[in-house]
Amino acid sequence: MAIQIYNTLTRRKEPFVPLEEGKVKMYVCGPTVYNYIHIGNARPAIVYDTVRRYLQYKGFDVKYVSNFTDVDDKIIKAANELGEEVSELTERFIKAYFEDITALGCKKADVHPRVTEHMDEIIEFIKVLINKGYAYESQGDVYFRTRKFEGYGKLSHQSIDDLKVGARIEAGEKKEDPLDFALWKAAKPGEIHWSSPWGEGRPGWHIECSVMARAHLGDTIDIHAGGQDLTFPHHENEIAQSESYTGKLFARYWMHNGYINIDNEKMSKSLGNFVLVHDIIQKIDPQVLRFFMLSVHYRHPINFSEELIESARSGLERLRTAYSNLQHRLKSTTNLAENSELYLEKIDELKKQFEKEMDDDFNTANGISVLFELARTSNTYVNETNTDEKVLKAFIETFEVLSGVLGIKLAVEMEILDEEIEKLIEERNIARKNRDFKRADEIRDQLLSMNIILEDTRQGTRWKRGS
RNA sequence: GGCGGCUUAGCCAAGCGGUAAGGCACGGGUCUGCAACACCCUUAUCACCGGUUCGAAUCCGGUAGCCGCCUCCA
């Protein structure tokens, strides 16, 4: 069964068939680097990282490209305010971006192209659009002539006339039509600029993605993804530019993720409820954040609140515990179990179930519920009198593979305890054997105050760090 | 005004015509010296009204409420 992807272009789920068999060309709109990313930026990073991981799991060779917008109005403004060079500022936040998404369990893209590194190609691209009559120069700016492109509005499913009603007419209009958008903007005095046939200036926002996608992935790409708000105008404009340039379909599947709200309100600067990843991961385990985001379907809105994060934390903890229960039981497995086949079959069944859910437009929420079922099954198994190493390892491997697809790590770092603590645990076990429960409880409390939680199982005492 | 989405148990959330997954919290029980972990059990007819159908949370029409895009935005 093929993967089904909801395609914004057709507003339907479609079987995913890449242009070139076995290979996927994927482009994800990346951040404008003028600040730390907020959790709203983190969602596409996590969601499409997961899409990529699943495609790879299914055997596709994925080329994943995600850009940095490293020159634009907001960047220039921020650099001016901080008295910093544009390049210094962007370099700083690109570095921070990698730190943040790495913490969130996202792999780097195969290519992270930057606008400033594609200036020649951008200028060349615009020249062609002008030559073809799709763009025109106006007082040092260059605009795209939207009415010239027949398919304008096909992604956002709006007719060009409906769009026009809502379009804002800017003061000092240099456009032929309000819906035309800038490909090139003349530099204001003192602004960073590049030389072009139309004078000193810099690229408009939309052109960069058209150029960089083509430069790194070719004329037609398989999956183009980004936040829902990019559908219009950003992606609509990309389509207009690229298809006018190449005469070919730009992207075959368009994926758009939903928004994040904070305490049921839209995250916005005016409300002052921006949550930066950089800040929040000081307080919340970034893995919990990832788990939380994947527990909701990517196209649906998600609400962010401490209460919901706490609930996600408990859920992830349950999976981690199940995983460590298996590891722990491995040390005392009897290998006398007679029901191995039954469990191996169940594991296989759950694995298939997971794939079925993920095949359905990357339903990570359901994928996670399969992990919970795997946990319940393995917890039951771990408590059997006899276990089989083969089965324990199959459980462990399945946990690793499936959670790996979601980019979730279940293994908790088990640092070596100091000798003193080891001795206390040992002393407590002796006390318990002698039924000196007072001393035993004393030691347990003492360790608890050191954030070490003890659990007595039939196979011995084990410990873990509190969270 | 145009386009689109949402409304499922205390909270979160799946569901895409065949009779309500899963998680968190709560309560009861088993396990345990006690706990923790774990396991078992218990908890909803799906905003409302009408229609189509043998059968609807799921399709159609309408009502109400919430939200997004149409302007920089993930």
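In what follows, chains carry the letters A, B, and so on, assigned in the order in which the sequence lines appear, proteins first and then strands, with residues in each chain numbered from 1.
- Counting any heavy atom pair closer than 4.0 Å across all strands shown, R376(A) reaches sugar-phosphate atoms only and no base atom.
- Inspection of the Y381(A) and N339(A) side chains reveals no N or O donor paired with an N or O acceptor under 3.5 Å.
- Nearest-nucleotide positions on RNA chain B place F291(A) closer to the 5' end than the other of P31(A) and F291(A).
- Taking atom CD1 of residue I160(A) and atom P of nucleotide G2(B), one finds them 19 Å apart after rounding to whole Å.
- Taking atom NZ of residue K74(A) and atom P of nucleotide C72(B), one finds them 9 Å apart after rounding to whole Å.
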Taking only Watson-Crick and G-U wobble pairs with both distances under 3.5 Å, what dot-bracket line describes RNA chain B, where [ ] shows pairs that cross earlier ones and | shows pairs with another strand?
((((((((.[[[..)..(...]]]..((((.......)))).....[[[[[..)....]]]]])))))))....

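- Considering only the side chain of S311(A), C24(B) comes nearest among C37(B), C24(B), A74(B).
- N363(A) has a side-chain polar atom (N or O) that falls below the 4.0 Å cut-off from OP1 or OP2 of G15(B).
- One finds a side-chain N or O of K266(A) lying less than 4.0 angstrom from the OP1 or OP2 phosphate oxygen of C69(B).
- The residue among G226(A) and D441(A) whose nearest nucleotide of RNA chain B lies closer to the 5′ end is D441(A).
- Side-chain atoms of S369(A) lie closest to A21(B) of the nucleotides A21(B), C24(B), C40(B).
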Let's go through E317(A) and K464(A) carefully: what are the C-alpha distance in whole Å and the side-chain angles of both, what is the deciding distance for salt bridge (Lys or Arg N to Asp or Glu O under 4.0 Å) to 0.1 Å, and is it a yes or a no?
CA-CA 12 Å; E317(A) 189 60 32; K464(A) 66 177 182 183; 3.7 Å; yes

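- Nearest nucleotide to the side chain of F232(A), out of A14(B), C69(B), C40(B): C69(B).
- By the criterion of a centre-to-centre distance under 5.5 Å and near-parallel planes under 30°, the ring of F437(A) forms a stack with the base of G33(B).
- G22(B) and G15(B) are spaced 12 Å apart, taking the C1' atom of each and rounding to whole Å.
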